[in-house]
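Structure, as structure tokens:
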Amino acid sequence: LPAAGSAQAAGVPCVWHFHTGFDGYPLSTRLMDVLKMRIVARKRVARIIAVSPWLADFAARRGAPREKIEVVPNAIAFERFERLPDRSAARERFGLDTDAQVVLGFGWWPEAKGVDVLIDAVTRVAELRDPPSLLLVGEERMRSFLAQRHPQRPGWLHEQGFISDAAWLFAAADVFV
């Protein structure tokens with residue numbers, strides 16, 4: 001809604017990027033969809049970009065005008081992961097124990113990516129057994145989030161800034177969350 005209002009005030013077209021959706025929305029969210037999709041999207045939005053065909057259908061079911069929806073597939077290039085770097089070399093690169101179980105999470109938008117939930121989950125695991133190493137990838141926003149919520153970083157938490165070849169991250173991980 002802020003994007004549509006800002007675009008209208010600036011006199012430029014508004015494009016919404018639709019990249020997630022869940023069917024189990026409560027009634028209050030469905031009512032907000034009536035406002036967003038059936039009123040705002042029809043009058044103030046030039047295009048709605050969905051990252052998959054099922055999300056395009058989902059947006060239409062929520063009331064978005066089908067003629068404004070375009071599908072632009074998510075930019076995950078699977079062929080980049082056909083041959084991953086060596087696991088030991090990847091773990092060495094990120095300062096991880098070669099024998100550890102490694103959980104990878106992307107936290108560039110920590111509130112939306114559930115960084116707090118992931119850390120809480122690993123904390124609970126650590127109460128029961130040896131915890132996995134958690135490799136969180138993000139920049140200043142994630143670091144600020146962690147500094148506020150977890151000023152005392154546990155030894156199993158590893159932070160990593162963005163890297164240009166994400167295959168190294170996946171090569172180091174046993175689990176991607």
Side-chain angles (χ1 to χ4, degrees), residues 1-82 94 103-122 134-151 153 157-170 173 175-177:
L1 295 173
S6 297
Q8 184 179 30
V12 297
C14 178
V15 176
W16 280 353
H17 177 228
F18 199 80
H19 56 87
T20 190
F22 303 100
D23 283 324
Y25 282 119
L27 180 60
S28 61
T29 302
R30 290 176 188 226
L31 291 173
M32 182 57 88
D33 277 349
V34 169
L35 172 67
K36 274 193 327 192
M37 298 296 191
R38 297 191 179 164
I39 298 172
V40 176
R42 289 190 190 283
K43 296 182 180 191
R44 294 187 179 178
V45 175
R47 288 278 185 264
I48 299 171
I49 307 299
V51 298
S52 68
W54 78 266
L55 276 171
D57 290 340
F58 181 79
R61 285 195 323 268
R62 286 291 194 224
R66 282 201 183 268
E67 67 276 6
K68 291 188 177 188
I69 302 171
E70 302 285 339
V71 175
V72 177
N74 214 345
I76 297 174
F78 290 109
E79 61 275 4
R80 289 177 33 195
F81 302 103
E82 287 174 358
F94 302 120
V103 175
L104 171 64
F106 293 145
W108 54 80
W109 187 10
E111 302 85 0
K113 295 291 184 182
V115 167
D116 54 336
V117 175
L118 181 54
I119 289 174
D120 288 349
V122 176
L134 175 57
L135 178 59
L136 282 177
V137 180
E139 294 294 334
E140 180 56 36
R141 187 169 181 169
M142 183 187 78
R143 287 190 299 272
S144 295
F145 181 87
L146 290 173
Q148 280 184 331
R149 297 204 180 191
H150 301 282
R153 305 285 205 293
L157 177 58
H158 303 268
E159 299 170 46
Q160 173 62 46
F162 294 127
I163 64 169
S164 60
D165 187 357
W168 281 92
L169 297 165
F170 289 101
V175 177
F176 172 59
V177 178

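- Using the six-membered ring where Trp is involved, F170 and F176 have ring planes that are perpendicular, over 60° apart on the 30 and 60° scheme.
- Distance check, rounded to the nearest 0.5 Å: CH2 of W108 to CZ of R141 gives 12.5 Å.
- For E67, there are no salt bridge (charged side-chain N to carboxylate O under 4.0 Å, His left out) partners at least two apart in sequence or on another chain.
- Among all heavy-atom pairs drawn from V45 and K68, the shortest one is O-NZ, 2.7 Å.
- With rounding to the nearest 0.5 angstrom, the CG atom of L135 is 8.5 Å from the CZ atom of F106.
- In this structure, CZ on R62 lies 11.5 Å from CG on L55, to the nearest 0.5 angstrom.
- In terms of heavy-atom proximity, A4 sits nearest to V40 at CB-CG1, 3.7 Å.
- The shortest heavy-atom contact between A50 and A56 is CB-N, 3.6 Å.
- L169 contributes atom CG, which lies 6.5 Å from atom CD of Q160 (distance to the nearest 0.5 angstrom).
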Using distance only, find each side-chain donor-acceptor pair of residues 142-149 under 3.5 Å and give its atom names and separation, not counting sequence neighbours.
unit_1	atom_1	unit_2	atom_2	d
S144	OG	E140	O	3.1
S144	OG	E140	OE2	2.7
R149	NH1	D116	OD2	3.1

Derivation and outcome, side chain to side chain contact (heavy atoms under 4.5 Å, CB included), residues D57 and R66: CA-CA 8 Å; D57 290 340; R66 282 201 183 268; 3.4 Å; yes
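- Here the closest non-hydrogen pair linking I69 and A59 is CD1-CB, 4.0 Å.
- Between C14 and Q8 the shortest side-chain heavy-atom distance does not fall below 4.5 Å.
- Note that the CG atom of L104 and the CZ atom of F94 stand 8.5 Å from one another [nearest 0.5 Å].
- Every pair passing salt bridge (Lys or Arg N to Asp or Glu O under 4.0 Å) that includes a residue from residues 41-52 is listed here, sequence neighbours excluded: R47-E70.
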